[in-house]
Amino acid sequence: MAASEASSAATATATSLRHAFGGVLSFFILLLIGVLAFSIRLFSVIKYESVIHEFDPYFNYRVTQFLTKNGIYDFWNWFDDRTWYPLGRVIGGTVYPGLTLTAGTLWWILNSLNIPLSVETVCVFTAPIFSAFASWATYLLTKEVKGAGAGLTAAVLLAMVPSYISRSVAGSYDNEAVAIFALIFTFFLYIKTLNTGSLFYATLNAISYFYMVCSWGGYTFIINLIPMHVLLCIVTGRYSSRLYIAYAPLVVLGTLLAALVPVVGFNAVMTSEHFASFLVFIIIHVVALVYYIKGILSPKMFKVAVTLVLSAGLIVCFAVVAILIALVASSPTKGWSGRSLSLLDPTYASKYIPIIASVSEHQPPTWPSYFMDINVLAFLVPAGIIACFLPLSDASSFVILYIVTSVYFSGVMVRLMLVLAPAACILSGIALSEAFDTLTRSIKFQLPGISGGKSEANAGDASSASAGAQIDVVKAGKTEETAKERPSRKSKKKEKEPVEKPPINPRNEKKLLVLPFEVSIVGIILLVLLGAFYVVHCVWAAAEAYSAPSIVLTSHSQEGLHVFDDFREAYAWLSHNTEVDDKVASWWDYGYQTTAMANRTVIVDNNTWNNTHIATVGTAMSSPEKAAWEIFNSLDVKYVLVVFGGLVGYPSDDINKFLWMVRIGGGVFPHIKEPDYLRDGQYRIDSQATPTMLNCLMYKLSYYRFVDTDGKAFDRVRRTEIGKKYFKLTHFEEVFTTHHWMVRIYKLKPPKNRLRGKTKKSKSKTSSASSSKRSGKRARNPWQ
Amino acid sequence: MATATARSPIILLALISLFLHPFLSASLSPGESPKGRRVLVLLDDLAIKSSHSLYFRSLQSRGYDLDFKLADDPKIGLQRYGQYLYDGLILFCPATERFGGSLDQAAILDFVDSGHDLIIAADANASDLIREIATECGVDFDEDPLAVVVDHIGYAVSDTEGDHTLIAADDFIDSSVILGNKKIEAPVLFQGIGHSLNPSNNLVLKVLAASPSAYSANPKSKLSNPPSLTGSAISLVSVVQARNNARVLITGSLSIFSNRLFRSSVQKAGSSTRHEKAGNDQFLTEISKWIFHERGHLKALNVKHNKVGEADEPAMYRINDDLEYSIEIYEWSGSSWEPYVSDDVQVQFYMMSPYVLKTLSTDKKGVYSTSFKVPDVYGVFQFKVEYQRLGYSSLSLSKQIPVRPFRHNEYERFIPAAYPYYGAAFSMMAGFFLFTFVHLYNK
């Protein structure tokens, strides 16, 4: 320690200029990384328009509008009577407010600076701004683990990792947009506290954790990962007071703060997701106590004490464990909530909770999606893990733990790939940086060797001194930190010093690794090529794959670009042609958009909090017309909206989602049975379809008058002619169909004003009258 | 988007005012009749105008403006420029196969569906057109075109022993709203075809039923197989009140309206009393009053609700609020709106099912009111008044009102049950302070 201090003092004058240069360079690199992170996400605005994307962002946008209009207290207490009719939804208590408050604050600041941006604009650009912040947070975190070089590399990688881009393009105004930043920043502060043992950073860490809790339900990942790491450190004998300072304040302050968020509330202490942190909290105190006693007792006395405590403790433990086992065994689910089970057993949800399984982003990912979303990082991660083991520090063990757990969780749900992405970037950044470090050092070491070959003797020192500006910066930074920290700590407690000494200066052992010159050159070229490949892929992904707003669709054909703006057409029709209090029923996917864009009351929406209500709508869609009419009428529904892709070949339409409606409906109302809609286990809508299928409301509303389009009623999504082409609607009437037939809106007919008598004679008369009308059609098309 | 949000309150206001408009206009003119008095009378033959003049005169004397036309008059039209020219229609043209002008079956049904009243008189040999209109209203005439109602026990005694097709019917519906307060003493003379009603159809009412001994058959031919319509299942005169409160009178006899039967004296077979005058006049006059909404027409207005102790109507209630609800209900008496007095008007506080069901108390001046506590459930509720009584026009009002949970600062600040916890927290704080103090300065 003293030696390194002396050497840094000696080289201070020589390297101070270079340090300054390196600092400025890093600063500009970081600035450019921020610009890159922001601008790569603007493809959606350039290619489409500045518009909110998809489904959930519309809800967030609506909430933000409410917040900016009514203030924070009204937002907190907002009871929304326009969704989940007639139950309503307490928005303030069921929403993670972080994103909304962030965007609202941004808007407020901009407006008070006389920059009159609309709320929508602010919402659209929140995600790109926060991805720049996330890159910087990645830099900080990786810098804490492996130095500034690795930090910069990781930041560049994260700025354009496709997995993160998919969730944070301009317009993708969702919780994840700010939550990933909060996640990385919380981890950074944890590592920072762990490295410095400073209570200041521990407090900041708790506040950052609070922001994460505000932003996303994924905060449980933090509150489980950090205890795991603490436990790992304790088990591997790495307990130190820095670890205690990093962990204990986080649990106490963090839990208190988390309980302030209405949506979390008592969950912060009641649910199984948080138990791990409390358990580890107890363990770390026990361990601290043991270390303290060890410090004040002589080794002999300590041994006696240990045997005493162990024998007593074991008895108590057995008793407690026995009680716990009895308690757990008496509960039917063995103490696990369905949610935890679905994370531990990936097939749990698809077996028992159709509403979770029906969401595509809750499915397990396929292998290509790993390559699509993290690309070459998938291959660099193992190298990064190895680099973290050389040598293993508290910080690098945390990163290893992070990647291992996030790989597992990303395997459970596609959506959690997003948590994997930063870990993959950090480890790849470490790997790339280490590789570059080694290769450039080898070259540098051999360059003077080619010319003179003199300085081989003090190669170790020379290489460490001249290994590149970045590493020097790190080293200097580290030594400075310790220099700053130490006196204060020394003054407090001198006797703890040997225990607390952080494992800095891991780089001293690197001097041995020198590669041949040619190999190094080739290696560098290959790495650059790999990086270039990654950049090309990321730009392609950002531009082509992940920028579609999904409310406006485009397709390229020989005639040029086709734009399908049917969704907004339909919502605009609703908002202009229906009354303010009219209720619109649709499958829950379109609930958020309907309330936000059409400003009409919906029955169910994407916040799937009430399974029964969704099942009611699913049952109505799966029922024949009359039964469906009665269900909808009892819910005061006036309009029914269905999404139909058969004309233009839009695959994610309601007919393709229909089996989920049947399953969810049948889960609550057993008279809806899935086999009734399947012919020999196959879902089909052609002439082989079952009568139940051909008579259900969804089929009728989707294919009503469809035969009028091409005369054959050929469905381009299912690639078949539909089974029943000519039919009339008795209880519904078509009121609007968009240009490409993607959205069709029907109105419930009012109950009949008069009830007809039932004379047979008159019936035959009407049928003859209508048959004469139909005869023209019959000549054109064979009837049934 | 910004402009749209700015515009939406204006749209909202406009929509509200549009929605309220009919109510406002109704409440501003309390003396106005619910229905107009222009009636179109379609006849097979202008002779009916004189042969049924007593009935027409009773209508005219009550202020109706009758417009007589032949059913095949090419200039008949119910509406012009989308406005209906008449408020009522009387079809005394049983034999007409097709109407003149633009009038057809659909036009007549549209006339009813837009809230106008209709009187249909069929007869033996009624045309398919008339039968079809009746069927659309929920009344099935006997399909045999030659069948008439025959009653060998309940016939009207006459000088010549006829074929007992002139019936003295006295099985009236028990409703003073439809038939007036004065009891109809004399039987009604009826000669014509019978019809039946679907018992599941709750919009149709049998006003005058045949006696149990009646049947519907061709009196001239021999009865080979049992008649399809028998007994009191045969309805002689029926009324329909459609869901939009349009009223329709259907009878299988045109002659029931005729001067001859109005003036005739009547003695029912087997009865010793002979009435000087048949009940036709009183019966048909009273039922016409009902058909043309001179009676049994209710209107509800001034639906008000507010928290107890406040006057203004809130946009939203909180759970467990106490609220007051009031509504005014009036009945049209033929000349003015009179307060409707009843003890069975109920209001529901409804969200998928009624959470509160309360009978409203009336002050006999038309105002019905009650007060209750909002249930401890939040959601979008409705105040619902569904009032359907025999003979009265149906009232169906619903008003949406959201009920919100407590705000964050509306809970009790200190709960007595939690005092041990407060004590624990504060003693912990004090203890920690003391400990710190001792630890720092006790060395």
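Chain letters run A, B, ... following the sequence lines, proteins first, then strands; residues in each count from 1.
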Worksheet item: Does a sphere of radius 6.0 Å around CH2 in A:Trp609 hold more than 12 heavy atoms from other residues, nucleotides or ligands, not counting ones at 6.0 Å or beyond?
Response: yes
Worksheet item: Listed by residue number, which members of residues 72-80 of chain A have a heavy atom under 4.5 Å from any heavy atom of chain B?
Response: A:Tyr73, A:Asp74, A:Trp76, A:Asn77, A:Phe79
Practice prompt. Evaluate the criterion side chain to side chain contact (heavy atoms under 4.5 Å, CB included) for residue pair A:Leu87 and B:Met352; output intermediate values, then yes/no.
Written response: CA-CA 9 Å; A:Leu87 306 169; B:Met352 295 204 279; 3.7 Å; yes
Discussion item. If I measure from the heavy atoms of chain B, does A:Pro750 come under 4.5 Å with its side chain, its backbone, both, or neither?
Written reply: neither
Item to complete: Could you tell me whether B:Met316 atom CE has more than 12 heavy atoms of other residues or ligands within 6.0 Å of it?
Response: yes
Fill in: Closest heavy-atom pair and its distance - A:Asp81, B:Pro402
OD2-CG, 3.0 Å
Worksheet entry | B:Asp113 CG to A:Arg754 CZ distance, which is reported to the nearest 0.5 Å | 4.0 Å
Response to the item:
Rounded to the nearest 0.5 angstrom, the CG-SG distance for A:Leu755 and B:Cys137 is 10.5 Å
Worksheet item: More than 12 heavy atoms of other residues, nucleotides or ligands under 6.0 Å from CD of B:Glu410: is that the case?
Response: yes
Worksheet entry | Side chain, backbone, both or neither of B:Gln382 within contact of chain A (heavy atoms, under 4.5 Å) | side chain
Worksheet item: Does atom OH of B:Tyr378 have more than 12 heavy-atom neighbours, drawn from other residues, nucleotides or ligands, at distances under 6.0 Å?
Response: no
Response to the item:
Output for pair (A:Asp636 CG, B:Tyr350 OH), nearest 0.5 Å, gives 7.0 Å
Discussion item. So for B:Val403, is it side chain, backbone, both, or neither that comes closer than 4.5 Å to the heavy atoms of chain A?
Written reply: backbone
Discussion item. Tell me which of these, B:Asn244, B:Asn198, B:Asn202, has more heavy-atom pairs under 4.5 Å with chain A than the rest.
Written reply: B:Asn244
Discussion item. Between A:Lys752 and B:Glu136 (salt bridge meaning N to carboxylate O under 4.0 Å), is one present in this structure?
Written reply: no
Worksheet entry | B:Arg407 atom CZ, over 12 foreign heavy atoms within 6.0 Å | yes
